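Small disclaimer: the values here were computed from a predicted structure and weren't measured.
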Amino acid sequence: ALDPANPEGYANLGLAFVRLGQLPKAVVAFERSVKLKPKSVPARLNLGAIYIEYLNYEQAERQYSRALKLEPDNLEALVGYALALEGRRKPKQAAAIYEKVLSKDPKRAALITRLAIIYEKAPFNDGKKAVVYWKRFRKLADLPSQAETKANKEATAAALKAAMKGRVPRRGAKREAALAKRAKAKEAAAKAKALWKNVLAIDSRIQAIEMGMKMEKEARDKKGAPKT
């Protein structure tokens with residue numbers, strides 16, 4: 001039986017409920033854990049993550065804030081706190097924290113994309129910074145060019161078409177080999193198509209931002225030009 005005075009027991013119970021997808025019960029267990037052991041950073045991080053998932057940003061901010069008072073340099077707590085602030089429409093504070101985390105762990109791709117999105121929108125409206133972060137993400141992910149991904153997509157699609165046309169024996173090891181070949185070709189084609197779409201989406205975003213900045217500059221120059 002669970003010891004009602006054991007905070008670790010409730011924390012473990014909370015994790016078990018998370019694995020089972022029973023988040024409301026997980027919240028109750030973690031809340032009980034932090035009530036018994038207020039200085040439990042892991043329990044507060046788990047609570048914060050669940051509240052983020054439920055879009056309860058106020059409660060998430062509270063849990064992450066308390067975790068940071070205990071461990072000011074905890075990167076997971078900082079990221080969670082920034083997510084909660086972003087959810088509460090405090091993008092400037094969130095961006096500052098994302099920047100801080102990236103200065104310590106520069107390979108967090110998710111934070112790089114978050115900053116690209118934040119800087120593109122109000123109140124920043126900073127296209128230059130947004131482009132810098134989109135390009136930084138592209139470099140970190142080591143994404144190939146559009147031409148390369150398109151060629152690979154077409155090649156894998158052709159290979160899949162050829163594999164699907166091939167005759168499949170009715171039984172035995174040859175049948176299994178033929179079906180495995182088809183499955184492999186299908187997987188390769190799907191991956192190539194997904195990569196092409198991702199590269200196209202990122203490059204299109206960069207081009208759109210750069211075009212918007214160019215048009216804004218032209219409009220400002222035209223407005224400031226002396227009349228003849």
Ser145-Glu148 side chain donor-acceptor pair, cut-off 3.5 Å: yes

Derivation and outcome, side-chain contact (heavy atoms from CB on, under 4.5 Å), residues Val18 and Leu23: CA-CA 6 Å; Val18 169; Leu23 297 187; 4.2 Å; yes

Min side-chain heavy-atom separation [X]-[Y] under 4.5 Å:
X: Ile112; Y: Trp134; answer: no
X: Met213; Y: Glu210; answer: yes
X: Arg62; Y: Gln59; answer: yes
X: Arg19; Y: Leu15; answer: yes
X: Glu8; Y: Ser33; answer: no
X: Ser40; Y: Pro7; answer: no
X: Val27; Y: Phe17; answer: no
X: Val131; Y: Lys135; answer: yes

Can you tell me how far apart [atom1] ([X]) and [atom2] ([Y]) are? Round to the nearest 0.5 Å.
X: Phe137; Y: Leu115; atom1: CZ; atom2: CG; value: 13.0 Å
X: Arg32; Y: Asn6; atom1: CZ; atom2: CG; value: 10.5 Å
X: Leu47; Y: Ile52; atom1: CG; atom2: CD1; value: 12.0 Å
X: Arg44; Y: Leu68; atom1: CZ; atom2: CG; value: 11.5 Å
X: Leu195; Y: Leu143; atom1: CG; atom2: CG; value: 6.5 Å
X: Leu75; Y: Leu111; atom1: CG; atom2: CG; value: 9.5 Å

Ignoring hydrogens and angles, tell me if any N or O in the side chain of [X] forms a donor-acceptor pair with the backbone of [Y] under 3.5 Å.
X: Ser204; Y: Leu200; answer: yes
X: Arg138; Y: Pro144; answer: yes
X: Tyr10; Y: Leu36; answer: no

Closest non-hydrogen atom pair, [X] against [Y]:
X: Gly48; Y: Ala60; result: O-CB, 3.7 Å
X: Leu140; Y: Lys107; result: CD2-O, 3.6 Å
X: Ala116; Y: Ala130; result: O-CB, 3.5 Å
X: Ala11; Y: Phe30; result: O-CE2, 3.4 Å
X: Ala67; Y: Ala77; result: CB-CB, 4.2 Å
X: Glu71; Y: Val41; result: OE2-CG2, 3.5 Å

Cluster link [X] to [Y], ILVMFWY, side chain under 4.5 Å:
X: Ile97; Y: Val79; answer: yes
X: Ile50; Y: Val28; answer: no
X: Leu45; Y: Leu55; answer: yes
X: Ile118; Y: Val132; answer: no
X: Leu70; Y: Tyr51; answer: no

Test side-chain contact (heavy atoms from CB on, under 4.5 Å) applied to Asn152 and Trp196, step by step: CA-CA 8 Å; Asn152 189 41; Trp196 171 73; over 6 Å; no

Candidate pair Lys191 and Thr156, rule side-chain contact (heavy atoms from CB on, under 4.5 Å), full reasoning: CA-CA 9 Å; Lys191 285 183 177 179; Thr156 53; over 6 Å; no

Distance-only criterion, 3.5 Å: show the donor-acceptor pairs between side-chain atoms of residues 161-168 and protein atoms not counting sequence neighbours.
none

Carboxylate-amine/guanidinium contact Lys35 Glu31, below 4.0 Å: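 Looking at Glu31 together with Lys35, the answer is no, because their closest N to O distance does not fall below 4.0 Å.
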
Pairing of Arg205 and Glu120 as salt bridge, 4.0 angstrom limit: yes

Residue pairs involving residues 87-106 (criterion side-chain hydrogen bond (donor to acceptor under 3.5 Å, both in side chains); sequence neighbours excluded):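 Those involving residues 87-106 are Glu61-Arg88, Asp73-Lys104, Glu86-Tyr98, Glu99-Tyr119, Glu99-Tyr133, Asp105-Arg108.
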
Residue pair Tyr64, Leu83: steps toward the side-chain contact (heavy atoms from CB on, under 4.5 Å) verdict: CA-CA 10 Å; Tyr64 286 123; Leu83 284 169; over 6 Å; no

